[in-house]
K.L.:
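Got a structure for you, questions after.
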Amino acid sequence: MTKPRLFSGMQPSADSLHAGNYIGALLQWKEMQTTHDAIFCVVDLHAITIPQDPVKLREATRRTAAQYIAAGIDPAQSILFVQSHVPAHSQLAWVLNTITGYGEAARMIQFKDKSAKQGADATNVGLFTYPILQAADVLLYDAVVVPVGEDQRQHIELTRDLAQRFNSRFGDTFVVPEVSILKETAKIYDLQEPTAKMSKSGANEKGIVWLLDDPSATAKKIKSAVTDNDGAVLFDPVAKPGVSNLLTLLSVLGGSSIAALETEFAGRGYGDLKSATADAVVAAFGPVRERALELLADPAELDRVLAGNAERADAIARETLARAYDRVGFLPRA
């Protein structure tokens with residue numbers, strides 16, 4: 001029986017992924033690769049919608065791929081590749097640009113929010129067309145399922161609209177994907193600002209638990225996490241966001257339910273909760289960190305793995321692109 005095709009990816013926007021990336025995406029990707037024909041991408045074309053240092057971007061791309069593998073994404077079982085290694089992504093994006101309405105693209109919430117913060121002069125056209133490139137990423141591989149966070153739902157809805165519009169105008173060409181929202185119960189928040197989602201661009205370095213942090217640094221950050229003055233270890237994201245965030249981390253990485261943890265820590269202080277959470281995070285991240293650093297110590301071998309996977313991705317993408325080019329009416333090269 002053929003497994004349903006899955007596509008997802010993350011930007012190489014920092015030297016290390018963080019706890020939110022690991023729990024919110026990578027752990028679920030690891031499970032889904034056993035039930036799906038999975039394709040995972042390091043989306044470096046998307047990354048350049050903000051200014052990048054070329055040397056740092058190249059290194060961050062390798063480091064992101066290494067962390068995918070170290071976290072359990074198997075490049076023999078799944079396809080794991082770098083977006084810019086497959087030219088069809090930008091080629092199909094141009095075709096999709098021409099069937100996307102200006103108003104439709106302008107309504108994308110992420111573009112509206114980011115351009116409002118940056119101002120029109122500091123906002124590039126790449127940011128405006130970002131969701132259309134994302135649509136090309138998905139449609140090239142006939143993906144049936146696209147696991148993303150809630151903040152990406154609108155982009156996948158646009159992908160569905162563009163696939164249906166193209167199929168209506170030019171004949172059946174693209175699979176219309178289903179959006180799969182990653183489990184919200186596993187959302188991880190900033191340790192210093194527990195009402196804000198943990199982000200690579202967080203204002204306070206102490207609030208971000210990096211996957212590649214030294215274990216002692218990880219433990220120190222968790223033990224310094226913001227809580228409250230109440231003293232009760234209870235899960236209440238509104239009234240007790242800091243404590244709830246620690247309970248989520250400990251529950252996911254320690255294997256106990258939130259309810260069981262509330263019982264276990266009843267009458268105990270936040271110090272005990274923080275220590276237990278630090279131990280669980282260090283224990284979970286330690287092997288991942290070690291494996292990622294091993295991979296990064298041999299960049300030639302890592303590049304070889306990524307190149308081989310890019311060839312596998314390219315074979316699928318070129319076939320889809322040729323189908324789309326034919327339907328649009330492009331003259332084939334003799």
Side-chain angles (χ1 to χ4, degrees), residues 8-34 38-48 50-86 188 191 198-202 205-222 249 252-253 278-314:
S8 200
M10 279 191 279
Q11 286 192 39
S13 54
D15 284 343
S16 175
L17 300 177
H18 56 66
N21 300 137
Y22 179 74
I23 292 171
L26 287 172
L27 284 181
Q28 295 182 62
W29 289 1
K30 181 182 176 180
E31 291 179 9
M32 294 179 84
Q33 74 179 341
T34 64
I39 301 175
F40 298 112
C41 187
V42 181
V43 291
D44 57 340
L45 294 177
H46 287 289
I48 64 170
I50 60 173
Q52 299 283 346
D53 177 287
V55 174
K56 289 182 178 178
L57 175 60
R58 195 169 290 120
E59 179 61 18
T61 300
R62 277 202 189 98
R63 291 171 77 89
T64 300
Q67 289 169 88
Y68 279 16
I69 297 170
I73 302 304
D74 182 353
Q77 180 181 9
S78 302
I79 297 177
L80 166 58
F81 73 104
V82 175
Q83 186 184 26
S84 63
H85 290 175
V86 179
I188 304 302
L191 294 178
M198 190 174 288
S199 168
K200 296 172 188 175
S201 57
E205 172 68 21
K206 293 179 181 178
I208 309 168
V209 180
W210 299 110
L211 204 54
L212 298 185
D213 263 348
D214 182 89
S216 61
T218 296
K220 183 177 180 180
K221 285 180 179 181
I222 292 169
L249 280 166
V252 173
L253 300 178
D279 290 345
V281 173
V282 167
F285 285 9
V288 178
R289 178 178 183 270
E290 184 177 342
R291 176 62 178 139
L293 294 178
E294 277 180 14
L295 291 163
L296 292 168
D298 189 354
E301 174 60 17
L302 180 58
D303 288 355
R304 185 194 67 77
V305 170
L306 292 173
N309 273 248
E311 288 181 11
R312 294 165 63 201
D314 190 58

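Quick note: numbers below take in every heavy atom, side chains included, and nothing from hydrogens, waters or symmetry partners.
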K.L.:
Testing the basics here: between Ala310 and His85, what is the closest heavy-atom pair and its distance to 0.1 Å?
P.N.:
CB-CB, 3.7 Å
K.L.:
Could you check if a side-chain atom of Phe81 sits within less than 4.5 angstrom of a side-chain atom of Ile39, using non-hydrogen atoms only?
P.N.:
yes
K.L.:
Should Leu27 and Val252 count as side-chain neighbours, where that means a heavy-atom distance under 4.5 Å?
P.N.:
yes
K.L.:
Is any side-chain heavy atom of Asp44 less than 4.5 Å from a side-chain heavy atom of Gln52?
P.N.:
no
K.L.:
Go through the steps for Asp214 and Thr218 under the test side chain to side chain contact (heavy atoms under 4.5 Å, CB included), then give the verdict.
P.N.:
CA-CA 6 Å; Asp214 182 89; Thr218 296; over 6 Å; no
K.L.:
Has Asp298 got a side-chain atom pairing as donor or acceptor with Leu295's backbone, closer than 3.5 angstrom?
P.N.:
no
K.L.:
How many angstroms lie between CD1 in Ile188 and CD1 in Ile23, if you round to the nearest 0.5 Å?
P.N.:
4.0 Å
K.L.:
Is the shortest heavy-atom distance from the side chain of Tyr22 to the side chain of Leu253 under 4.5 Å?
P.N.:
yes
K.L.:
Distance-only, no hydrogens or angles: does the Lys221 side chain make a donor-acceptor pair with backbone N or O of Leu191 under 3.5 Å?
P.N.:
no
K.L.:
Looking only at heavy atoms, what is the nearest atom pair of Ala66 and Ala292, with distance?
P.N.:
CB-O, 4.1 Å
K.L.:
Would you mind reporting whether Asp74 and Gln33 have side-chain heavy atoms less than 4.5 Å apart?
P.N.:
yes
K.L.:
If every non-hydrogen atom of Pro12 is compared with every non-hydrogen atom of Thr64, which pair is closest and at what distance?
P.N.:
CA-OG1, 3.4 Å
K.L.:
Kindly determine whether Asp213 and Arg289 satisfy salt bridge (Lys or Arg N to Asp or Glu O under 4.0 Å), including the steps that lead there.
P.N.:
CA-CA 8 Å; Asp213 263 348; Arg289 178 178 183 270; over 6 Å; no
K.L.:
With side chain to side chain contact (heavy atoms under 4.5 Å, CB included) as the test, would you mind laying out the steps for Met32 and Phe40 before giving the verdict?
P.N.:
CA-CA 11 Å; Met32 294 179 84; Phe40 298 112; 5.6 Å; no
K.L.:
Any side-chain heavy atom of Met10 sitting closer than 4.5 Å to one from Trp29?
P.N.:
yes
K.L.:
Taking the side chain as every heavy atom from C-beta outward, state whether Ile69 and Leu302 have any atom pair closer than 4.5 Å.
P.N.:
yes
K.L.:
Within the side chain of Ser78, is there an N or O that forms a donor-acceptor pair under 3.5 Å with the backbone of Pro75?
P.N.:
no
K.L.:
State yes or no: are the ring centers of Phe285 and Trp210 separated by less than 6.0 Å?
P.N.:
no
K.L.:
Can you find a pair of side-chain heavy atoms, one from Asp53 and one from Leu57, that are under 4.5 Å apart?
P.N.:
no
K.L.:
Is the backbone N or O of Val305 less than 3.5 Å from a side-chain atom of Asn309, with the two atoms forming a donor-acceptor pair by type?
P.N.:
yes
K.L.:
Quick check for you: to the nearest 0.5 Å, what is the distance between Cys41 atom SG and Leu80 atom CG?
P.N.:
8.5 Å
K.L.:
Answer yes or no: does atom NZ of Lys200 have more than 12 heavy-atom neighbours from other residues, nucleotides or ligands under 6.0 Å?
P.N.:
yes
K.L.:
Begin with the C-alpha distance, continue with both residues' side-chain angles, and end with the deciding distance and a verdict on side chain to side chain contact (heavy atoms under 4.5 Å, CB included) for Val209 and Met198.
P.N.:
CA-CA 8 Å; Val209 180; Met198 190 174 288; 4.2 Å; yes
K.L.:
Does Glu311 CD have over 12 foreign heavy atoms under 6.0 Å away?
P.N.:
no
K.L.:
How long is the span from the NZ atom in Lys206 to the CD1 atom in Ile222, to the nearest 0.5 Å?
P.N.:
15.0 Å
K.L.:
Distance from Ile48 atom CD1 to Ser84 atom OG, nearest 0.5 Å?
P.N.:
8.5 Å
K.L.:
Specify the closest pair of heavy atoms between Leu212 and Gln67, including all atoms of both residues, with the distance to one decimal.
P.N.:
CG-OE1, 3.7 Å
K.L.:
Partners of Asp279 by side-chain hydrogen bond (donor to acceptor under 3.5 Å, both in side chains), sequence neighbours excluded?
P.N.:
none
K.L.:
Please step through side chain to side chain contact (heavy atoms under 4.5 Å, CB included) for the pair Gln83 and Val42, ending with a clear verdict.
P.N.:
CA-CA 6 Å; Gln83 186 184 26; Val42 181; over 6 Å; no
K.L.:
Testing the basics here: between Leu26 and Ala71, what is the closest heavy-atom pair and its distance to 0.1 Å?
P.N.:
CD1-CB, 3.8 Å
K.L.:
If a pair satisfies side chain to side chain donor-acceptor pair (under 3.5 Å) and one of its residues is in residues 54-63, list it, with sequence neighbours excluded.
P.N.:
Arg62-Asp303
